[in-house]
Protein chains: 2
Amino acid sequence: MPTPDRTSLEDIVRAAREILESHGLAGLTMQAVADRVGVRAPSLYKRVRSRNDLVGLVARATVRDLSDRLDAVVRSADPRADLGELARAFRAFAHARPAGFRLILGWGPETRKLDPDEQLRASASVLRVAADLAGPAHALEAARMITAWANGFISMELGGGFNLGGDIEEAYEFGIARLADALSADARR
Amino acid sequence: MPTPDRTSLEDIVRAAREILESHGLAGLTMQAVADRVGVRAPSLYKRVRSRNDLVGLVARATVRDLSDRLDAVVRSADPRADLGELARAFRAFAHARPAGFRLILGWGPETRKLDPDEQLRASASVLRVAADLAGPAHALEAARMITAWANGFISMELGGGFNLGGDIEEAYEFGIARLADALSADARR
DNA sequence: ACCTGAACACCGTTCAAGT
DNA sequence: ACCTGAACACCGTTCAAGT
């Protein structure tokens with residue numbers, strides 16, 4: 001006789017994301033998730049193949065959120081301004097969900113590789129701005145430069161890599177401005 | 001009666017570094033280290049407070065190696081050329097010791113915070129080039145921009161974040177050139 | 001003074017038994 | 001069809017007992 005479901009995959013992923021942010025990836029144990037959704041640990045395996053699988057689902061959900069946020073950045077007539085908005089939205093997301101961000105864009109042993117589809121969607125906004133700024137011929141290289149810089153900056157910031165003093169906010173804006181100069185200068189050649 | 005030592009801290013750290021590169025951080029277990037140095041796991045605790053401590057020692061040794069490599073980059077009269085050499089040395093180190101690099105500059109849950117001393121030493125070369133390029137007033141911001149970009153680029157490269165095609169070598173050189181432009185343009189104002 | 005086996009707590013995961 | 005307790009393998013770590 002069927003038992004009524006006491007949880008769902010959606011519940012489980014949500015619980016996992018909350019635990020990830022509050023207790024870190026190491027704190028994201030099957031026990032902790034089970035406790036939170038009100039079930040025993042072995043029951044989770046009815047909806048999820050493994051902890052690894054669950055972490056993958058958390059990563060997917062996180063990239064989707066990030067993509068949504070980046071897509072919401074409005075496109076203006078000024079690619080320089082768009083670059084700034086995009087870079088700030090990216091950083092804001094990282095600050096709002098540091099552990100999730102790290103999971104998909106950090107570069108730990110636990111960092112997830114994303115589906116090409118998901119990755120393309122997340123890259124779309126940057127590629128657009130990069131093309132506007134640097135011209136179509138250098139769009140990909142420019143997008144990589146922007147992404148690498150922003151990702152590296154935020155990673156170091158959140159990881160405590162910036163402890164030589166100085167204003168971090170200013171350093172980020174400095175980077176945006178220099179990047180805009182460098183990439184649009186290139187388009188002028 | 002004293003037993004002759006069957007291993008040493010140096011041995012242990014060396015073994016740990018080798019295991020880190022060959023089997024990843026997850027494979028770096030006390031068991032594995034003990035097997036490699038020819039002792040039982042509990043004996044390791046005579047020389048090392050905990051696994052965490054051991055990983056910290058591995059991180060320290062790795063930063064020291066990186067610093068040495070960066071210091072060895074010769075300083076020329078041309079700051080643009082120096083930037084390129086430095087960036088390439090940085091990337092070469094990351095390719096030679098990906099797991100170690102990740103441990104100190106990736107941004108995983110396991111990424112180690114470094115001693116301020118060690119960090120300053122590792123940053124010295126970049127700070128010098130940054131000052132040469134952007135002028136003393138913007139040296140710190142410029143150094144952060146360079147570091148963030150290089151670190152982000154390499155992290156994405158090693159983490160498989162670049163799967164939209166294109167030549168990665170070229171993208172790195174593109175970044176070096178744009179960065180040199182952007183930062184030295186700033187010095188001219 | 002270093003080394004060891006035994007033991008403990010804590011993981012992820014499996015599975016037979018319950019409803 | 002989902003849920004559970006019991007059990008297993010594998011961690012890090014402690015400790016009393018060996019030499």
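So that the names make sense, note that chain A is the first sequence line, chain B the second, and so on, each numbered from 1.
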With distance as the sole test, does B:Arg51 use its side chain to make a donor-acceptor pair with the main-chain N or O of B:Leu28 at under 3.5 Å?
yes
How long is the gap from CG on A:Leu103 to CD on A:Glu21, to the nearest 0.5 Å?
9.5 Å
Readout for nucleotides 2-11 of chain C: B = base within 4.0 Å of protein heavy atom, S = sugar-phosphate only, - = neither; 5' to 3' it is BSBBB----S
To the nearest Å, how far apart are B:Tyr45 OH and D:dA16 P?
17 Å
Looking at B:Asn151, is its backbone amide N or carbonyl O close enough to the side chain of B:Ser155 to form a donor-acceptor pair, meaning the two atoms are under 3.5 Å apart?
yes
Using a 3.5 Å distance criterion without hydrogens, assess whether the side chain of A:Asp11 forms a donor-acceptor pair with backbone atoms of A:Val37.
no
Could you tell me how the ring of A:Trp149 sits relative to the ring of A:Tyr172: parallel (under 30°), tilted (30 to 60°) or perpendicular (over 60°)?
parallel
For the pair A:Asp115 and A:Arg60, find out whether any cationic side-chain nitrogen is under 4.0 Å from an anionic carboxylate oxygen.
yes
Whether A:Asp71 side chain and A:Ser125 backbone form a donor-acceptor pair below 3.5 Å:
no
Whether the side chain of B:Arg47 engages the backbone of B:Thr7 through a donor-acceptor N/O pair (distance < 3.5 Å, no angle test) should be reported.
yes
Which dot-bracket string fits DNA chain C when only Watson-Crick or G-U wobble pairs with both atom distances under 3.5 Å count, crossing pairs get [ ], and | stands for a partner on a different strand?
||.|||||...|||||.||
